[in-house]
Number of protein chains: 2
Amino acid sequence: MSSGVDRDSSEPKRRGRRRNGADTKAALLDAAREVFTEQGYESATVRTIAGRAGVDPAMVNHWFGGKEGLFTAAMRIPINPAELVPQLLDGPPEELAERILRRFVAVWDDVGGGQFAALMRSVAGNEIAVSMLRDFIKDVLFDRLLAELGSDRPDLRVALCATQVAGLGMARYVLHLEPLASADEDTIVSAIAPNLQRYLTGDISGGSA
Amino acid sequence: MSSGVDRDSSEPKRRGRRRNGADTKAALLDAAREVFTEQGYESATVRTIAGRAGVDPAMVNHWFGGKEGLFTAAMRIPINPAELVPQLLDGPPEELAERILRRFVAVWDDVGGGQFAALMRSVAGNEIAVSMLRDFIKDVLFDRLLAELGSDRPDLRVALCATQVAGLGMARYVLHLEPLASADEDTIVSAIAPNLQRYLTGDISGGSA
DNA sequence: GTCTATACAACGATAGAC
DNA sequence: GTCTATCGTTGTATAGAC
């Protein structure tokens with residue numbers, strides 16, 4: 001059934017704009033969901049996805065800004081890492097945790113917490129979705145933030161940050177644990193930012209905070 | 001098919017030991033899974049569960065030590081709150097976080113991380129399972145720990161503790177984020193206990209730890 | 001004619017074969 | 001260590017819509 005999204009696989013491709021309503025964006029998203037879920041984030045190639053969608057790989061860049069943007073769009077993760085990471089890094093490093101938390105809450109509140117629960121659902125039962133999300137969180141998000149900070153043991157710090165942020169999502173959007181589920185940004189930042197900041201730049205080897 | 005677990009509902013009950021290995025325990029577990037899933041943790045009553053299992057409510061106490069023990073057994077949560085909470089409280093309050101983390105890791109490592117993922121799966125898609133787990137985490141586990149500590153804003157602290165512990169479970173048992181997924185107890189305690197301890201007894205209103 | 005969606009070619013990086 | 005294949009990405013020319 002992979003030919004369902006193929007287009008013009010036998011005819012020579014035409015350059016320039018398609019005839020009418022040829023929805024390249026949607027075709028890429030459909031193909032991306034297929035290929036990412038079949039092969040995971042790393043193994044899936046832009047070329048394969050574009051091939052299955054019947055369009056040129058350059059269209060991925062044109063429409064989604066690259067592989068990462070295509071991934072987040074396909075997984076309905078409401079962020080664009082290409083612009084998110086620089087925005088988070090823009091400011092004092094000792095307030096990075098606060099910026100991460102404010103953005104995390106704003107973004108997922110905006111689309112409604114149900115999408116976070118949906119993401120967790122697709123992850124909990126699916127080993128490929130697990131590796132996709134794991135690689136994405138690590139390689140695309142936190143690795144880049146940690147690289148800029150220059151802290152020691154960056155891999156461990158990445159994992160620790162993931163525990164705190166994923167746990168916040170679970171409590172707020174899945175478990176609906178009050179008063180956290182209805183807390184405003186400032187309350188969340190006051191409560192959690194110091195802990196997240198310790199994972200980013202503090203002493204994680206046993207000394208005091 | 002709810003009558004599948006009913007037994008002898010029309011015949012008069014016999015006193016004393018059942019004929020042969022009539023597996024009262026298994027019948028109670030099956031009935032408990034049904035009733036808890038239908039009604040949630042609070043609404044489900046021991047009498048209803050015992051009735052559906054066709055046994056006396058006293059059997060719940062005999063086999064599981066009470067409603068909580070039956071719940072954890074039915075949900076395959078490998079803890080017994082009746083003994084867990086006192087054990088955790090036995091020791092200096094400033095090391096409570098360390099005891100919680102050591103127990104959490106030991107318990108879930110012991111049964112293999114797959115059971116944690118299974119729990120998350122049943123929770124992410126099921127609103128009743130959500131309320132079950134939420135009430136259980138709050139009322140049965142952390143509320144009792146926090147009550148003993150006498151910290152301010154106990155409800156918020158309960159939710160914050162849940163973010164850190166649930167997040168650890170997600171990262172270690174679901175996402176398999178290295179090096180956390182293979183880290184030993186001591187590494188986890190050194191890294192996470194100070195943060196969890198802040199949620200338990202520290203200043204969560206914006207001051208430094 | 002202008003704008004833009006599109007395809008093709010090529011570049012630098014990287015991983016694996018030998 | 002070298003060679004090759006393949007990856008993501010970029011620059012540019014072209015075809016169709018308006």
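Naming convention: chains lettered A, B, ... in sequence-line order (proteins, then strands); numbering from 1 in each chain.
As a whole-Å value, the separation of Glu68(A) CD from dC7(D) C1' is 14 Å. At whole-Å resolution of the value, CD1 in Ile49(A) and P in dG8(D) are 8 Å apart. Atom CG in Leu28(A) sits roughly 13 Å away from atom P in dG8(D) (whole-Å rounding). dA7(C) atom P lies 6 Å from atom CE of Met59(A), rounded to whole Å. Rounding to whole angstrom units, CG of residue Asp23(A) and C1' of dA5(C) are separated by 12 Å. If you take NZ of Lys25(A) and P of dA5(C), they are 9 Å apart, rounded to a whole angstrom. Atom CZ of Phe64(A) is separated from atom C1' of dT9(D) by 16 Å (rounded to the nearest Å). In this structure, Leu70(A) places its CG atom 10 Å from P of dG8(D), rounding to the nearest Å.
For Thr24(A), the side-chain atoms get nearest to dT6(C) when compared with the rest of dT10(D), dT9(D), dT6(C). The side chain of Pro57(A) lies closest to dT9(D), out of dA7(C), dT6(C), dT9(D). The side chain of Asn61(A) approaches dT9(D) more closely than any other nucleotide in the set dA7(C), dA5(C), dT9(D). Considering only side-chain atoms of Arg47(A), the nucleotide from dC7(D), dA7(C), dA5(C) that sits closest is dC7(D).
Here Thr45(A) does not reach the OP1 or OP2 of dT6(D): none of its side-chain N or O atoms lies under 4.0 Å away.
Put simply, the side chain of Asp109(A) reaches to within 4.5 Å of the side chain of Arg172(A), judged on heavy atoms. Ile204(B) has its side chain out of reach of Ser190(A): every pair of non-hydrogen atoms, C-beta onward, lies at least 4.5 Å apart. Side-chain contact between Arg99(A) and Pro92(A): present, with at least one pair of heavy atoms (C-beta onward) separated by less than 4.5 Å. Annotation: side chain of Glu94(B) is not in contact with side chain of Thr201(B) (no heavy-atom distance under 4.5 Å).
At a threshold of 4.0 angstrom between heavy atoms, the contacts of Ala50(A) with the nucleic acid are absent.
Classification of Arg52(A) and Asp30(A) as a salt-bridged pair fails, no side-chain N sitting under 4.0 Å from a carboxylate O.
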